[in-house]
Amino acid sequence: MIYNEDFETLPREVLEALQLKRLRQVVQRVYHTVGFYRRAFDEAGVQPDDIKTLDDLRRFPFTAKQDLRANYPFGLFAVPMSSIVRLHASSGTTGRSTVVGYTKRDIDTWTELMARCLVAAGLTKNDIFLNAYGYGLFTGGLGIHYGAEKIGASVIPMSGGNTKRQLMILQDFGPTAICCTPSYALNLAEEGKAMGIDMKTLKLRVGIFGAEPWSEKMRLEIEDALGITALNLYGLSEIMGPGVSMECQEGRHGMHVFEDHFLVEAINPDTGEVLPPGEEGELVFTTLTKEAFPLIRFRSRDISRLLPEPCRCGRTLYRMDRVTGRSDDMLIIRGVNIFPSQVEAVIMEIEGLEPHYQLIVDRAGNLDTLEVQVEVSEQLFSNADEVKVLQNMERRITKNIKDYLGVSARVKLVEPKSLQRFEGKASRVLDKRQI
Ligand code: DLL
């Protein structure tokens, strides 16, 4: 099923003509409304009028997450605050999070794109839909919610966590579709089983999963444990939130990128060179229709590849393959994005700690775990006969990590000089997860 035949099945040349028209408009607009872009384009020696073909975009500079941080919170908005109707943000210590804004029309576009995703997964107004993504600053909850209402499904705005209650609702309300992170789906299955629930007898038939990397192996596990079809949904707050691309029921391989709204390139992350379709690289997105927060050549840091082959569903939109990794050190822990540098910032606020730390990420059952090992200073170590002092400090770090970054961590203080030292780039993360 296709929600918007007109736009999802355009012949490629018509789609590309539309993209070019929209690209020219957005590049003009950001040049005249956002100081950052004017400076960046001037520095690179390019002008909006230089865009004569889609390939001309290659001459334009990239936008990085760092640029968003440097313009925190609203510096890259292209409309006055009076036109903004919604804000979302990623977690982070003050000044470090990414804030995104939407106009009324942006919300309408987002709603339509999420409606496209849900219809691609086979949902209709007859579905009861359990939305177990976090509602709040995270884009997952509200973003998907609006799309599900748009297609007329009965939405249960459950939000994340509270597993026992989720399981009760799964049994009592009989949702036919669910969305959450893939690891949480496995967790629900496991806890349900432990509570003696036969998960396969639930009414669930389809699950829409994303917000973190997962594998074909995990797909099969989820499908088997819950007796459902599991499909992949991709998005990132900067570009919009969930709904940048979605797998269709028919293809079940790769996610259709809504190219009438987002222009996607794959680049070599080291050289910035644009790669031909099919080659693995970092995805770079340009928003074609966003009003409040347009982004030109935003480096997603997600590694994937574009699949230009036609799909049996009839959509002409290119697909992107599963995200296989990142070209930076961002971690996604229980759906929350964190950078080691953010943990470092929390640690360094506390006196008596050394800037030597290690993050150990693992999976207990189906849930991610994070252990943070931090060296204490010689001084503190020699004075801290009392175990209590160290325990208090561990508690304080744990609390600050939870408060600032939104992730529960197990904090372990270790002796001075006990963590490995690095000669080159420090490798602070040991990721033992097998997905
Ligand atoms: O995670 C938006 C979202 C919500 C997507 C619900 C899907 C479902 P952010 O918090 O900004 O936004 O995180 C974006 O998450 O750059 C990827 O690294 C990762 N990611 C998102 N979807 C997938 C996916 C939301 N399907 C970052 N597979 C992105 C792998 C994903 N990684």
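We count ligands from 1, going down the list as the structure has it; atoms in each ligand are counted the same way. Side chains included, hydrogens not; waters and symmetry mates left out as well; all remaining heavy atoms used.
- Contacts classified as ring-ring contact (aromatic ring centres under 6.0 Å, His included) and involving residues 5-30 (residues at least two apart or in different chains) are not found.
- Looking at ligand 1, you won't find any N or O of Ser300 less than 3.5 Å from one of its N or O atoms.
- Scanning all protein heavy atoms for the shortest distance to atom 19 (C) of ligand 1 gives Ile332 CD1, 3.4 Å.
- Numbered from 1 in the order shown, with element, the atoms of ligand 1 that lie under 4.0 Å from a heavy atom of Arg326 read 16 (O), 18 (O).
- At a 4.0 Å heavy-atom cut-off, ligand 1 touches Val323 through the side chain alone.
- Atom 28 (N) of ligand 1 has Glu212 O, 3.3 Å as its closest protein atom, hydrogens excluded (heavy atom only).
- The neighbour count for Phe36 CZ, taken as heavy atoms of other residues, nucleotides or ligands under 6.0 Å away, is above 12.
- At a heavy-atom cutoff of 4.0 Å, ligand 1 is contacted by no atom of Arg301, backbone or side chain.
- Under the 30°/60° scheme for interplanar angles, the aromatic rings of Phe209 and Trp214 are found to stand perpendicular.
- If you check the side chains of Asp42 and Tyr31, you find a donor sitting under 3.5 Å from an acceptor.
- Within ligand 1, counting atoms from 1 as listed, the ones closer than 4.0 Å to a heavy atom of Gly210 are 7 (C), 8 (C), 26 (N).
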Check step by step if side-chain hydrogen bond (donor to acceptor under 3.5 Å, both in side chains) holds for His256 and Tyr318. CA-CA 6 Å; His256 290 283; Tyr318 281 180; over 6 Å; no
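- Considering both main-chain and side-chain atoms, Ala211 comes within under 3.5 Å of ligand 1 through a nitrogen or oxygen pair.
- Each of the atoms 24 (C), 26 (N) of ligand 1 lies under 4.0 Å from some heavy atom of Asn232.
- Between the side chains of Tyr357 and Glu344, at least one donor N or O sits under 3.5 Å from an acceptor N or O.
- For the pair Trp214 and ligand 1, the shortest N or O to N or O distance does not fall below 3.5 Å.
- With ring centers used as reference points, His88 lies 6.0 Å or more from Phe138.
- On a distance-only criterion, Gly140 and ligand 1 share no N/O pair closer than 3.5 Å.
- In terms of protein heavy atoms, atom 16 (O) of ligand 1 is closest to Asp302 OD2, 2.6 Å.
- Residue Pro213 has at least one heavy-atom neighbour below 4.0 Å for each of these atoms of ligand 1: 30 (C), 32 (N).
- Scanning the protein heavy atoms around atom 11 (O) of ligand 1, the nearest turns out to be Ser237 OG, 2.4 Å.
- Protein heavy atom at the shortest distance from atom 6 (C) of ligand 1 is Tyr133 CZ, 3.5 Å.
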Show, in sequence, the C-alpha distance, side-chain angles and deciding distance for Tyr37 and His32, and conclude whether the ring pair (Phe, Tyr, Trp, His ring centres under 6.0 Å) test is met. CA-CA 8 Å; Tyr37 282 111; His32 294 290; over 10 Å; no
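- Near Gly235, meaning under 4.0 Å from any of its heavy atoms, are these atoms of ligand 1: 2 (C), 5 (C), 12 (O), 14 (C), 21 (C), 22 (N), 25 (C), 29 (C).
- Among all non-hydrogen protein atoms, the one lying nearest atom 10 (O) of ligand 1 is Asn337 ND2, 3.2 Å.
- No side-chain donor-acceptor contact under 3.5 Å links Asp108 and Thr111.
- Applying the salt bridge (charged side-chain N to carboxylate O under 4.0 Å, His left out) criterion to Arg24, with sequence neighbours excluded, gives no partner residue.
- At a cut-off of 3.5 Å, with distance as the only test, no side-chain donor of Thr163 or Glu191 sits close to an acceptor on the other residue.
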